[in-house]
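A short worksheet on the structure shown next.
All values below come from the heavy atoms of this structure, side chains included, with hydrogens, waters and symmetry mates left out. First the proteins, then the strands, lettered A, B, ... as listed; each starts at 1.
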Amino acid sequence: MIENFQNLPVINRMILNKVQREAVEYCNGPQLVFAGAGTGKTRVLTAKIAFLIEKGINPWQILAATFTNKSAGEMRQRVENLVNVSVDGLWIGTFHSLCARILRRECLNIDYTPSFTIYDRSDQISLLKKVLKNLEIDDRSMPPKQIHNAISKYKNLCLLPEDLQNSVKGYYEQEVLRVYKSYQEMLHKQQAMDFDDLLMQTVLIFRKNENVLLKYRNMFKYVLVDEYQDTNYTQFLFLKMLVGNNNKIFVVGDDDQSIYGWRGAQIENILSFERQYPDTKVFKLEQNYRSTKHILDFANAAIMDNKIRASKKLWTDRTSGEKVILTRYRDNRQEAESIAKKICSINDTKTMLGEIAILFRTNAQSRSFEEAFRKHRIPYVLVGGTGFYERAEVKDCIAYLRLIINPCDDESFGRIMNVPARGLGDKARDTLIQSSRKLNCSMLEALMRSDISALGSRYQKGFSDLKSLFEILIEMEKSGESPDEILKQLLHFSGYMDMLTSLNTEEASARIENINELINALTIWSSEGQNRKLSSFLEEISLVSDVDCWEKKENSVNLMTLHCAKGLEFKHIFLVGLEDGIIPSRQNFDDDSAIEEERRLFYVGLTRAMENLECSYVDYRWRFGDLLPSTQSRFLNTIPSELYNYIDSSIFIENGSNGFKPRFETETREKPQKKRKVFNDPGFDDFSQDTIEFRMGQHVKHKTYGRGRILSISGFGDDMKLTVLFNNGSRKKLMAKFANFESV
DNA sequence: GGCGTAAGACTTTTT
DNA sequence: GTCTTACGCC
């Protein structure tokens, strides 16, 4: 029986409704699938790929663009389970990783080495600062971040400096253009590409060299795109060129969930798809399998006010479920505190913590929830924030590794030249830059080629140490040494580890921990397949997104921004901070289309919920240390009041009688007893051991600094840091795990 | 040239 | 309230 089932065609093995099935089976031309939230979009996409493979198309003849690496990996797995053949060859990934893959093979066409470096945002900003300095432009009148935005916009429209020459008007734009031009030259000189280049340069190669384009156009028998509403113009061009007249294109998307306009995405791409690809067949998935009727009615009402949208309405045959709740709180601390308490009681009954998510507009909003959860000992996972690969010590290691692969990367060289300290400061740097200009090469190359004694007697030791370090490292890489071994050796020979160990501070220990974590990651990565090269590792980590790093834990509440939540679903959603100025963001007040995007963001948040949806806003919000008044979001005004239950919790005052305790009141010891019974997950036990001892305002005694009081707590688990005000007047930041307080 | 302190900016969202 | 940058002192 089971064997028979396995032999059935994919289309019969998957549970698909009528429209889904039609969309999978249709193969006569371009297809646009409007897939509303929770309508089984991933299922259709997966089935389609499996269906194509089953029809005889080789996995390597299929290109599928997804929004995150994580969903690409999951989809690959699901397809493999369906088709019983290896799908290793399948081209599935984000636009950025797919383009990087093409570029590694084809970039000689645009005078780039295949080992080019990919610059992340912080690399880009630091390069821009350098450009501004070179051009003697004041970075206060032209903030690097702003210029970065402008350049990114141009690249998302596939516009090079020379394309703009005749069209830019004002002084500011002229200056931006000057920076763009120089920035682009610097990137090329360093054999580096930024995120946007990955897309744009691929298109430029396709334009420049028809043979290359035809190679890929002929190779890919089918092109599939997920989240099509979030593609930008350059991605549109990429697809259009790749598909040509073959018309084998299948896109899935939902205009109501287009939330990346600020990043260059054009909602017009999906709305005008039928014009771009004549004879397109449109499929509309409108049956929602995710949410209860009450949630769906609320979400439908919320999005209705948008003008720019394709007509459609989600429906469900699920039960009504519980009504949506809208709660008003006094301030964001009370909001977090109350939600923490609610979560404790939800957890008592049936819902696991992992099925709960707190969604907010800005990263900064996570803080009050982290504090409340810590206080109530609720384990949580924060998605996003400062990522592992953005930490200074990790970036230092990455800079060394990048240089081994790409010696032209002056950005990375500048970062590590004097880390650890080798007595090579600004003067030494200038000397080396001059030498590199003379030799017309990069800084590292200049160092390797120069006679050290010519670089100034004062820096002789520093330069020669650095030179021999790289001689060793480059030799190791050439001889095929494993990436993790190279990293270990570089940490040893450079003296980086010694630098940290000799510091002997709590912070240094934490940094060593992070570096060990990086070594682990690299070791695991190397062992996962054959011929795993350092360069591939570097590429992978520069293209990971926040959600890629997120692992759903069964017993941890999820905290994330609305943008991160796209594509995910949770039983219980708390959508918080629904205030004018937050959702919609104050910075979008004067732009109607941006307001519509904010409303879509709101809609994305609402439609993540499967069973329970609780929205909330506050009367006062703490910003920059001040308590500022807030009002409810304009998006709530047009939703009929019968669609939700309104609860006003703002009247509660923080005192014992209402259940809201003052923040600094000394806690009694009875609490953990009760909670432990609820949270018996081993993951939580780890968590509670680390946090149980510390509270804000707690009095502590340190063996060197004496008595003091904890001012604030940040991070948790092994990363927890305590800011302590000691009675001798000094203020110290300590790693909780090393603080080693004595009993008071 | 390195290290510490103080003033300033900062919070929209991210591949 | 926190992180980054600039400047001044050793």
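Of the candidates dG1(C), dT15(B), dT13(B), dT13(B) carries the atom nearest the T561(A) side chain, counting heavy atoms from C-beta on. Distance from the side chain of D426(A) is smallest for dG1(B) among the nucleotides dG1(B), dG1(C), dT13(B). Comparing dT13(B), dG1(B), dT11(B) by their closest approach to the side chain of A364(A) singles out dT11(B). Taking every side-chain heavy atom of T362(A) into account, dT13(B) is the closest of dC10(B), dG1(B), dT13(B). Distances were taken from every side-chain heavy atom of N363(A) (C-beta onward) to each of dG1(B), dT15(B), dT13(B); the shortest belongs to dT13(B). Out of dT13(B), dG2(B), dT15(B), the shortest distance to the side chain of R263(A) is found at dT15(B). The side chain of R367(A) lies closest to dT2(C) when the candidates are dG2(B), dT14(B), dT2(C). Comparing dG1(B), dT15(B), dG2(B) by their closest approach to the side chain of S545(A) singles out dT15(B).
For the P atoms, the distance from dT4(C) to dT13(B) is 15 Å, rounded to whole Å.
Geometrically, K566(A) engages F67(A) in a cation-pi contact, judged by NZ or CZ lying under 6.0 Å from the ring centre and within 45° of the ring axis.
Stacking is not found between Y260(A) and the pyrimidine-like six-membered ring of the dT13(B) base under the 5.5 Å centre-distance and 30° plane-angle cut-offs.
Ion pairing between a basic and an acidic side chain is recognised when a charged N comes within 4.0 Å of a carboxylate O; R621(A) and D331(A) show no such pairing.
Regarding L98(A), its CG atom lies at a distance of 16 Å from the P atom of dT15(B), rounded to whole Å. Residue E390(A) contributes atom CD, which lies 15 Å from atom C1' of dT4(C) at whole-angstrom precision. For the pair Q146(A) CD and dT11(B) P, the computed distance is 13 Å after rounding to whole Å. Atom-to-atom, CG of L562(A) to P of dT11(B) comes out at 18 Å; the value is rounded to the nearest Å. Put simply, CZ on R121(A) is 11 Å from C1' on dT13(B), counting in whole angstrom units. Atom P of nucleotide dT15(B) and atom CD1 of I125(A) are separated by 15 Å, given to the nearest angstrom. Rounded to a whole Å, the OH atom of Y459(A) is 4 Å from the P atom of dG1(B). As rounded to whole Å, 14 Å separates atom C1' of dT15(B) from atom CZ of F238(A).
Across all strands, K155(A) comes closer than 4.0 Å to no nucleic acid atom at all (heavy-atom distances). Looking at heavy-atom distances under 4.0 Å, K129(A) makes contact with sugar-phosphate atoms alone, never a base. Nucleic acid contact for N418(A): sugar-phosphate only, since backbone atoms but no base atoms lie under 4.0 Å from a heavy atom of the residue.
Of the two residues near DNA chain B, C564(A) and F624(A), the one whose nearest nucleotide lies more 5' is F624(A). Of the two residues near DNA chain B, H563(A) and K427(A), the one whose nearest nucleotide lies more 5' is K427(A).
No side-chain heavy atom of I583(A) sits less than 4.5 Å from a side-chain heavy atom of L601(A).
In summary, the side chains of E579(A) and S633(A) do not present any donor paired with an acceptor at a separation below 3.5 Å, with no hydrogens or angles considered.
Contact annotation: K145(A) side-chain N/O to dT11(B) OP1/OP2 distance is under 4.0 Å.
Of the possible polar contacts, one joining the Y112(A) side chain to the A192(A) backbone as a donor-acceptor pair under 3.5 Å is found. No donor-acceptor pair under 3.5 Å is formed between the side chain of D409(A) and the backbone N or O of Q190(A).
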